[in-house]
There are 2 protein chains.
Amino acid sequence: MKTGGPLDERKAYILATVVYEYIATAEPVGSQTLTEKYDLGVSSATVRSEMAGLEAGGYLVQPHTSAGRIPSDIGYRTYVDQLMKPEQLGEGDRRRIREELHDASRELDEIIEHTTRLLGRLSNNLAFVTKPQADAHVFKHVQLIWLTPRTGVAIVVTSFGVAAQSLFELGTDVTLDELTRFSNALNARLAGRLLRDVPDAEVAAVAAEAGMGDDLRGAVANALRNARSNEQPGVAASGTQNLLDQPEFHDVRKLRSILRIVEEQKTLYDLVADTMDAETPSVKIGRELGNDELADLSVVTVPYRVGPNAIGMLSILGPRRMPYGRLLALAAGTADTLSERLSDVEIK
Amino acid sequence: MKTGGPLDERKAYILATVVYEYIATAEPVGSQTLTEKYDLGVSSATVRSEMAGLEAGGYLVQPHTSAGRIPSDIGYRTYVDQLMKPEQLGEGDRRRIREELHDASRELDEIIEHTTRLLGRLSNNLAFVTKPQADAHVFKHVQLIWLTPRTGVAIVVTSFGVAAQSLFELGTDVTLDELTRFSNALNARLAGRLLRDVPDAEVAAVAAEAGMGDDLRGAVANALRNARSNEQPGVAASGTQNLLDQPEFHDVRKLRSILRIVEEQKTLYDLVADTMDAETPSVKIGRELGNDELADLSVVTVPYRVGPNAIGMLSILGPRRMPYGRLLALAAGTADTLSERLSDVEIK
DNA sequence: TGGTAGCACTCTTGGCAAGGGACTGCTACC
DNA sequence: GGTAGCAGTCCCTTGCCAAGAGTGCTACCA
């Protein structure tokens, strides 16, 4: 299967129409259906020979000899990159998203969860949103709370509220005054800086200067590391049941893989981890997801921001046969609103 | 369908065998299978007439005329309450659960999540665990953290670590000293008491005495309310994909209801909310769940404790045709270990 | 030479009938 | 009261056939 040269205009139009029709109906598209439903200006016989060409070029495949054609990964890819026209979100949808999100809580996690549910509902697919990469947040405060002479809690607060906590248990007694002094030492040095600009070594150094013991230092370092959470942020997901409507999932085996993936946040995150850096909308189609079990799924992903920095991603997972244009517009619109909302709740 | 008088010994044994066999095979059980596989000491003809009696009594039903029989809700109920012998968890399983849970983190939420995943894996069904009812926890500390003159965070710490937080935004400026003074006033009065013994009114009174403004008072009250979370605790769930193995779920419509219920924590919680008070293991079978969509599912539920108080529940949701004895033993064993673990991490 | 009409062919799908298998309920007998 | 045997019911599988959808190829036309 060679990818063929560039498509001439008529081939391109026919490919676009096949993809469009297949997305709408979930049925393999034949030459006759095509000439009947769309005004191609040529007969079905001509369409047949063009389709044979598209199949030879790797854009279409035929499930069996006497069936119509469906797009291949390459066919969808060409459609998304070159053929489809970008869609805009209607003003109604846009307003509805804004209203829903602005009613929500001020807590970061709840905002993310709420956004995820909203996106799942509006997209009629499975939505998932990565929690913010906090390392671009501003460090506000660390508080060491004394509970008993040997236990306490270390709390890290950023410009988005409480970012992490860590219970600690010490080998030797510590007083309330000591904890207060430690907290002050850390705050004096760290307040106002970006989390990512605070290396572990510096925390250790400040702690050592202030005379903090090892276990206490460990607890603070631990809380800060959790706050940064830059290896692998949590992921919120919503809308699995929407996928059941799609005919492609009436096969139970496919559902297995999806359910497993949704339950294990890590796999879900891995699906989009590499698009995090790109900072632009991205579409992954079928085998491009790098997982054979997901070969007939696609994902669209759009980053959301605070200020200029992309700090997380909104994604929609659905059948390969998904309305790419609409979902991209929806994700982008939601990402915009989420970004605004996050700027609102950020403590300046 | 009358529920018939008490079952004589032979009827009871036959009912038990039918339930047992159907749980194992998922196929309607006929008189011949039964006499062949189990030593009943009578012929299949006799069994047939006994089964006819059991059907008349409402214990068994026949999917169609020429099929074997399957248990009704009443049949399962009788089996669970009177016929099955209680199982014990093997020492191997027990040790494995203990090892897994004792390696886990000290953070309450993570312990619960970890337990849920473990239970999902071991039960091969859908496990869900309600997060602790915190109102039986001991109030340890409230901390008001100053971020800017008009913003801050209120944090409530109980004997299980940080229980809740609430960002606040004020109409007038407040100083760090004032916040410290407020914190101290609250702590002096509340520390060491059970959360449920601290009425909202008292918090308001202390706050007013200390001269706190309304918004600040609101934030503290809010954080305390969240900490108590006694209306409806969160629920962790794991193992949805296990259900796909069961033949009863090859019908996609049934999956829909389940997926929806799992995603909405509230419905999941409602399934077992009324057994919270009972403080003993409980089994709900089919329509007893009070939801037609779940008519061929069952749930076993076991409470877990800290000290003498039940503070949450472990549940396993699966097909009505589930191995009740084994799952009850598994849930009970896991609940014991979870209770121990929680006592360990509690700050005394 | 590109487009078209027609035709033979392929493959799936649904309906239908027949046969086998797994039960049951009933009756007559021990 | 228990049992053996039998007629009857119902489901499920299998095989077959016809209908339908779609294709590729070829001959023809402008």
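Please read these numbers as outputs of a predicted model, since none were measured by experiment. Letters A, B, ... mirror the listed sequences (proteins, then strands); counts begin at 1.
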| said: Is the phosphate of D:dA21 approached by A:S66 (side-chain N or O, under 4.0 Å from OP1 or OP2)? | reply: no
| task | Determine: side-chain N/O of B:R69 to OP1/OP2 of C:dG25, distance under 4.0 Å, yes or no. | result | yes
| field | Spacing of B:L60 atom CG relative to C:dG25 atom P, expressed in whole Å | value | 11 Å
| Which residue, B:S44 or A:M51, contacts DNA chain D at a nucleotide closer to its 5' end, judged by nearest heavy atom? | B:S44
| request: Just call it for A:A67: base, sugar-phosphate, or nothing, with non-hydrogen atoms closer than 4.0 Å on any strand. | output: sugar-phosphate
| request: Between D:dT23, C:dC26, C:dT4, spot the one nearest the side chain of A:T46, thanks. | output: C:dT4
| Who is the Watson-Crick or G-U wobble partner of D:dC10, with both distances under 3.5 Å? | C:dG21
| task | Measure the spacing between CD of A:E288 and OG of A:S298 and express it to the nearest 0.5 Å. | result | 7.5 Å
| message | Assess whether a salt bridge exists between A:D245 and B:R256, defined as any Lys/Arg side-chain N lying under 4.0 Å from an Asp/Glu carboxylate O. | response | yes
| task | Select one nucleotide: of D:dG22, D:dC11, D:dG24, the one nearest the side-chain heavy atoms of A:A52. | result | D:dG24
| query | Under 4.0 Å: is that the gap between some side-chain N or O of A:T65 and OP1 or OP2 of C:dC11? | reply | yes
| query | Hey, does B:T33 reach any base, or is it just sugar-phosphate, or nothing, if we go heavy atoms under 4.0 Å? | reply | sugar-phosphate
| message | Need one value for B:S31: base, sugar-phosphate or nothing, where a base atom within 4.0 Å counts as base even if backbone is also close, heavy atoms only. | response | sugar-phosphate
| query | Would B:K11 and B:E50 pass as an ion pair if we require N to O under 4.0 Å? | reply | yes
| query | Can a donor-acceptor pair under 3.5 Å be found between the side-chain atoms of A:R10 and the base atoms of C:dG3? | reply | no
| said: Looking at B:R77 and B:D81, is there a salt bridge between them, counting it only when a charged N and a carboxylate O are closer than 4.0 Å? | reply: yes
| task | Look at the side-chain N and O atoms of B:S43 and state whether any lies under 4.0 Å from the OP1 or OP2 oxygen of D:dT3. | result | yes
| note | When rounded to whole Å, the NE2 to C1' distance for the pair B:H64 and C:dG21 reads 11 Å
